[in-house]
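Below is one structure, written out as structure tokens, with a few remarks after it.
Sequence lines set the chain letters: A, B, ... in the order given, protein chains first and strands last, and positions in each chain run from 1.
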Amino acid sequence: MTTSNELPKAYEPTDVEPRWYPMWLEKGYFTADPASTKPAFCIVLPPPNVTGSLHLGHALTATIQDILSRWKRMSGFNVLWLPGTDHAGIATQMVVERELKKTEGKSRHELGREEFLKRVWAWKEKYGARIGEQHKFLGASLDWSRERFTMDPGLSEAVKEVFIRLYEQGLLYRSEKLINWCPSCLTALSDLEVEHEEKKGSLWELSYPVKDSDRKLVVATTRPETMLGDTAVAIHPDDKRYEGLAGKTVVLPLLGREIPIIADAKLVSMEFGTGVVKVTPAHDPNDYETGLRHGLKQITIFDERARVNLNGGPYAGLDRFAARKKVLEDLAAQGLLVAEKPHALAVGTCQRCSTVVEPRLSPQWFVKAKPLADKAVEAVQAGRTKFVPETWTNTFYAWMKNIHDWCVSRQLWWGHQIPAWYPVDTSPKLDDGSIDFSKATPVVAREKPGVTAENPSGQWVQDPDVLDTWFSSGLWPFSTLGWPNQTPELKAFYPNSVMETGHDIIFFWVSRMMMMGLHFMGDVPFRTVYLHAMVRDEKGEKMSKTKGNVIDPLDIIRGAPKEALPPAIKNKFPQGMPPMGADALRFTLASLTQQGRDIKLSVDRIGGYRAFCNKIWNATRFAQMNMGDFEDDGSLFVKERALSLADRWILSRLNRAVQGTQASLAQYQFAEAASTLYQFLWGEFCDWYIELAKGALQGTDEGAKASTRATLAFCLDRVMRLLHPFMPFITEEIWQRLPIKRPTESICIAPYPEEDRRLDDPSAEAEMKPIIEAIEGIRTIRGESNLPPALKVEAQIQTASPQTRRDLERWRTYLMPLAGLQVLTVTDLGPKPPQAAADFRSNMEIYVPLAGIVDLAEERERLKKEIGRAEQEMAQIEKKFENPNFLERAPAEVVEKDKSRLRELEARKSKLGDNLRRIADGEVRIAPPADGNVNLENELKDELKGVKVPNPDSQVQEALAKLREGTKEGLSPRDHYDLGVAYMNMGLVDDAVREFNRAKDDGGTTPEAAAEAVAKASAPEARPAKLVLPKKAPAPKPAPKPAAKKAAKKPAPKAKKVAAKKAAPKKAAKKVAARKPAKKAAPKKAAKKPAAKKAAKGKKR
RNA sequence: GGGCGGAUAGCUCAGCGGUAGAGCGUCGCCCUUACAAGGCGAGGGUCACAGGUUCGAAACCUGUUCCGCCCACCA
């Protein structure tokens, strides 16, 4: 597994990712052991439709569940993540039917049930494997040895058992009721399978003559054609307009039937329409109920395809919409169409085929949902199952508390056929001699019954209907574990630990699992339901085939040519989709999973995390290139290894990252965990630690080298493990290559990092702070002045804090390379360098002399801007202080915090102002000695106590090195002077100046002599010539096209550039730049005065 | 009709009582031997609107406007 050869420079997911899954499988890491003594953790994969293909929503499901599974597995759990597929009754049947029509031009009826089912099975065999493949590409750590399919023999057994037990318990029954019927799919649908679409329609007013009277009742209806099935008209009992009409009859137009006028307060609202409602019990749910209340006849006027039947008299044979047109025409001709008003209404459509659903009276099987739902609600209320995010709890309650009986029979062929049998001998027959299922009485049984008294021939016909596909899905948490058999798996893994799925199927699936699980297992099916958001495209639109924005996860993982991409995103990728890798896709999905918010997936974002992979890869490359003969002896803690500050710091930060990741995962905060890891790896490990480590790795101190190598290896080991659940492939690849002692042969089963107190190091973090701040301060100055990175400059840091001075001195080896310094001077507060750019952070004053390097005008502008900012913030705080209530009522620490912040700002502002003046005037000001302030003397004496005197010249470097490492070797005051001279001779100006100052402070020389020496050392002539570089001229402004710009940049040799800088006129540009901030500054100053405050208010920054 | 989310930088989103944040994109300087899929720096915000609570509101409350989703048998 381990390959010692060097890593390629760029990370190629397609080279790395395919290597690992087969190995993981072969080793059986994902195979759960029901006999294990470890604590169990179980998730069952929401089974995708067997003939489907995974989309990004599935990828999100797989990612989250894999993160949980891998995390738990590494944390010592016996993990079962169980894969499977759903037969998806109606969806699959339709797919195969469509295919059959296309390829053979046949309908399923022409083929016959048996032959058709063979085709579906063949289809399933052919395409079912694709889902497995996609999951493997995603890295999903599923236990394939336990893969299930809802129509496996075992699961079918469970379905049958459940059906029969429910029937026996009176919780399942057969009845003729008004159900949702799809006239195109020719099957019943449950309420949930009907989608409501707001459509523009009309409200027609039809006139019905009252029998034996001149009066006419005007009814309002959105479906005039159903008048053919009217069996009453209804008015409100309190409606004065129609007083006395109840009990009379009207003559139904067109058909001439006489129907009663009834009074019904429930059906009729006086305010709506005309206050008169036509009642069609066989074709409208409200009318159906009304009909039951009043004992009305139910006249069915449509056949199964929603064509008018013989009850429709002259309209028989017409489609429902044609019938509507004709009915309206005929009514209009008779003057009975009173009005047509526009009216918006919600039309129920078939979830599968979008055909308008027709309410239809038909015998179906129903599950009595209420008793089951009540138990489920109780369980959630008792906290036995928790919803995450919590907000879904109420959604769940709302639906469960108002649940209707569940129509579970479907007039389909693909699915679990209902275990009910009709006696051939005694069942009523249709004209063609077949059994009339609508009138016959079935026997529910596990197997076909034999000869009975009622059916002496022993011939039985099974109910041709199949069960709703969600019926079997509802059993998934236990049917997959072997129920009704009492298997070890069932014992070990029920209840499941977590159910993780999209919130769109909370009713379809989650609630059914809750009901079935509680009823048949006596316990909730899972302890936690984590409901993730929906994945949408970049515009926030639902992914759908018709919109052409469905992306195959494999196309992102492996890349895809332009032609293969969906139309909606094709044009974004003229070169096709580059391979992003599963790790990048997974990390993106995890990063965007914010609880309760839909995910708008942008491909750019994936690219960003692909870059992150590359970053990790190259950090590893760096480590590998610098490991030398490092061998992990596990001594990071065992021996007293002398860790450097950077080592201690990064280990402390690592521990924070471990804590953060663990905490976030425990709360299902995947985005937060991902962000913690990203920030640590890139923002701390790569940006700071690796940079800081370079010194030690390239130096000659073998001890420092060893500790740095050990720290590098340690961090990479831990952070790869930490990251593994999110990015399984790259972490395995890197982990295998690290020169560490691996506790396991794969990272999949390596222990997940846990908080380690020994790594916490607050003092290291505190010590690093000024170093980082100083580097950032100098970088800011450099950036603002556009100094090229290669140009080394000098910097002076002044601080009143002896501690900070010590730290900065001690770690100047960190500071100098990272800040691009040639010279660094650290002193107490004192004379400020003239003509220097400045930055003030915490307790530090950072100066970078820029005279002769750049034009200082820009620096002046920057200072003004900074002053403006400080003033603005000060104004805000001052305003608070003007409010007496604030001082009285706000907590003391808040007030104190603001006060100290204000002091800070004031100091900052005055320092900025001072420096601005120095630059503006070219004035060299010697700051007066800080009265009674700390001086270096005792500090130095302390530090240099008993120091042995080295002689200048050759020994200076060595002595210096020791000094910097804090070695307690002494120098006498006079030696400092000598050292200073030596430094000067060597051209180390800052060191010379410092030594002269120390000599003076310690009485090693007279102040006059020291001052002279300092002046000499600081003189421009003493500076190394290469420091002096003319400021680069601003680039010619009419910007060329980016490509041209870049090309033009490259060949320009340095000398030429410099010459150009000199020649270019820059004054004009500068002036323009100078004006802008000046304008800004003016109102800010005014803002300090109370009167002007209001005007300035509102704008915060 | 009922319910649930959302509205914060150009984009995607964190923050959920005490100095407005990140990533991407933009701009500037750089191919500095881990990484140009990169480094360093900068700019960018009446936190949808209006009230209220509070010493203090992006955050809490009320209302409004948009956007999204779910549920619903008002003809």
Side-chain angles (χ1 to χ4, degrees), chain A residues 7 9-11 178 191 196 203 219-223 234 267-269 272-274 276-280 284-289 343 345-346 348 359 391-392 394-395 398-399 402 503-504 506-507 534 536 538 540 542 578 591-592 594 596-602 604-605 607-626 671-672 675 678-679 686-687 690-691 694 776 779-790 817 820 873 876-877 880 883-891 893-895 897-898 901 905 1032 1034-1035 1049-1050 1097-1101:
Chain A
L7 287 98
K9 190 169 171 182
Y11 175 64
L178 198 63
D191 294 346
H196 296 272
L203 187 65
V219 302
T221 180
T222 55
R223 297 200 59 192
L267 178 72
V268 185
S269 131
F272 188 89
T274 57
V276 187
V277 183
K278 58 190 270 314
V279 186
T280 323
D284 180 276
N286 285 319
D287 295 4
Y288 175 76
E289 295 293 330
H343 180 69
L345 73 163
T391 160
W392 294 111
N394 285 330
T395 311
W399 192 73
N402 191 26
H503 65 68
D504 54 334
I506 181 167
F507 305 136
M534 299 291 103
R536 301 175 179 283
E538 302 186 35
K542 213 168 184 168
S591 298
L592 292 172
Q594 210 51 46
R597 228 190 214 211
D598 282 355
I599 295 175
K600 285 187 215 167
L601 188 88
S602 101
D604 294 342
R605 191 82 184 243
Y609 290 118
R610 193 188 167 202
F612 179 49
C613 291
N614 191 54
K615 189 76 182 175
I616 300 169
W617 187 254
N618 277 289
T620 311
R621 265 185 82 222
F622 169 81
Q624 205 184 47
M625 291 162 85
N626 287 284
E672 202 177 85
S675 150
Y678 184 94
Q679 176 53 34
C686 291
D687 286 353
I690 285 186
E691 294 306 321
K694 282 177 180 171
E776 282 175 344
R779 280 176 175 173
T780 300
I781 292 169
R782 295 182 61 108
E784 290 288 281
S785 309
N786 283 342
L787 298 181
E873 203 185 328
Q876 270 175 47
I877 297 176
K880 278 197 209 173
N883 180 352
N885 288 328
F886 174 69
L887 296 170
E888 262 171 52
R889 304 202 197 174
E893 65 265 26
V894 172
V895 176
K897 210 172 141 195
D898 272 344
R901 177 67 187 154
L905 286 166
K1032 188 188 172 189
K1049 240 178 183 175
K1050 264 201 165 170
K1097 192 202 152 188
K1099 189 116 188 162
K1100 275 198 172 159
R1101 278 196 67 160

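Separation of the C1' atoms belonging to B/rU8 and B/rA20 is 9 Å when rounded to the nearest angstrom. A distance of about 15 Å separates the C1' atoms of B/rA7 and B/rC16, rounded to the whole Å. Across B/rC29 and B/rA14, the matching P atoms stand 35 Å from one another, rounded to whole Å. Look at the P atom in both B/rG3 and B/rG51: the space between them is 26 Å, to the nearest Å. For the P atoms, the distance from B/rG25 to B/rG39 is 11 Å, rounded to whole Å. Separating the C1' atom of B/rC66 from that of B/rC49 is a span of 10 Å, rounded to the nearest Å. Comparing B/rC24 with B/rC40, their P atoms are spaced 11 Å from each other, to the whole Å. Taking atom C1' on both B/rG21 and B/rU53, the two are 27 Å apart, rounded to the nearest angstrom.
When distances are taken from the side chain of A/Phe507 to each of B/rC71, B/rU19, B/rG41, the shortest belongs to B/rC71. Side-chain proximity of A/Asn885 to the nucleotides B/rA34, B/rC55, B/rG39 is greatest for B/rC55. Nearest nucleotide to the A/Arg779 side chain, out of B/rG18, B/rC40, B/rA75: B/rC40. Here the nucleotide nearest the side chain of A/Arg901, chosen from B/rC35, B/rU19, B/rA72, is B/rU19. The listed nucleotides are B/rC55, B/rC35, B/rG41; the one nearest the side chain of A/Pro891 is B/rC55. Looking at the side chain of A/Val277, the nearest of the listed nucleotides B/rC40, B/rA75, B/rC29 is B/rA75. Closest contact between the side chain of A/Asn618 and the listed nucleotides B/rA75, B/rC35, B/rC40 involves B/rC35. Taking only side-chain atoms of A/Thr391, from C-beta outward, the nucleotide of B/rC55, B/rA37, B/rG5 with the closest atom is B/rG5. Residue A/Ser269 has its side chain nearest to B/rC74 when only B/rC74, B/rA34, B/rA42 are considered. Listed candidates were B/rU12, B/rA75, B/rA34. Nearest to the side chain of A/Arg605 is B/rU12.
In this structure A/Glu672 satisfies the side chain to side chain donor-acceptor pair (under 3.5 Å) test together with A/Ser664, sequence neighbours excluded. By the side chain to side chain donor-acceptor pair (under 3.5 Å) test, A/Thr780 is found to be paired with A/Arg841, residues two or more places apart in sequence or in another chain being considered. For A/Arg901, the salt bridge (charged side-chain N to carboxylate O under 4.0 Å, His left out) criterion is met by A/Glu873, A/Glu904, not counting sequence neighbours. Annotation: side chain to side chain donor-acceptor pair (under 3.5 Å) contacts of A/Asp898 (sequence neighbours excluded): A/Lys880. Scored by the side chain to side chain donor-acceptor pair (under 3.5 Å) test, A/Glu691 finds A/Lys694 as partners (sequence neighbours excluded).
Residue A/Tyr678 is in sugar-phosphate contact alone, with no base atom involved, counting any heavy-atom pair closer than 4.0 Å across all strands shown. At a threshold of 4.0 angstrom between heavy atoms, the contacts of A/Leu203 with the nucleic acid are absent. Across all strands, A/Val268 comes closer than 4.0 Å to base atoms (heavy-atom distances). Nucleic acid contact for A/Ala619: base, since at least one base atom lies under 4.0 Å from a heavy atom of the residue. Using a 4.0 Å heavy-atom criterion, one finds that A/Glu784 contacts the sugar-phosphate atoms exclusively. Residue contacts for A/Cys686: at a heavy-atom cut-off of 4.0 Å it reaches a base atom on one of the strands shown. Within the nucleic acid shown, A/Arg621 comes within 4.0 Å of sugar-phosphate atoms alone, with no base atom in reach, counting heavy atoms only.
B/rU32 atom P lies 18 Å from atom CG of A/Asp687, rounded to whole Å. When the P atom of B/rC35 is taken as reference, atom CZ of A/Arg610 falls 17 Å away, rounded to whole Å. Atom CD in A/Glu893 sits roughly 14 Å away from atom C1' in B/rC55 (whole-Å rounding). As a whole-Å value, the separation of A/Phe272 CZ from B/rG1 P is 12 Å. Computed from coordinates, the A/His196 NE2 to B/rC70 C1' distance equals 11 Å when rounded to whole Å. Rounded to whole Å, the distance from CG on A/Asp898 to C1' on B/rU19 is 8 Å. In this entry the distance linking CG of A/Leu592 with P of B/rA14 reads 9 Å, nearest Å. To the nearest angstrom, P of B/rG18 lies 10 Å from NZ of A/Lys880.
Checking the phosphate oxygens (OP1, OP2) of B/rC13, a side-chain nitrogen or oxygen of A/Lys600 falls inside 4.0 Å. Distances shorter than 4.0 Å separate none of the side-chain N or O atoms of A/Lys694 from OP1 or OP2 on B/rU32. Checking the phosphate oxygens (OP1, OP2) of B/rA36, a side-chain nitrogen or oxygen of A/Lys9 falls inside 4.0 Å. Contact annotation: A/His503 does not reach the phosphate of B/rC69 (side-chain N/O to OP1 or OP2, under 4.0 Å).
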key: Which nucleotides of RNA chain B pair, in dot-bracket form (Watson-Crick or G-U under 3.5 Å, | meaning another strand)   = ((((((((.[[[[.)..(..]]]].(((((.......))))).....[[[[[..)....]]]]])))))))....
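Side-chain atoms of A/Ile616 and A/Tyr11, non-hydrogen and from C-beta on, never get closer than 4.5 Å to each other. Taking the side chain as every heavy atom from C-beta outward, A/Tyr288 and A/Pro359 never approach each other to under 4.5 Å.
Between A/Ala10 and A/Glu776, the residue anchored closer to the 5' end of RNA chain B is A/Ala10, taking for each the nucleotide with the nearest heavy atom. In this structure, A/Gly608 and A/Val276 both approach RNA chain B, and ranking their closest nucleotides by distance from the 5' end singles out A/Gly608.
Here A/His343 contributes atom NE2 and A/Thr222 contributes atom OG1; the two are 6.0 Å apart, rounded to the nearest 0.5 Å. Atom CG of residue A/Leu267 and atom CG of residue A/Asp284 lie 8.0 Å apart, to the nearest 0.5 angstrom.
In this structure, the side chain of A/Arg605 does not engage the main chain of A/Leu592 through any donor-acceptor pair within 3.5 Å. At distances below 3.5 Å, at least one donor-acceptor pair connects side-chain atoms of A/Asn618 with backbone N or O atoms of A/Asn614.
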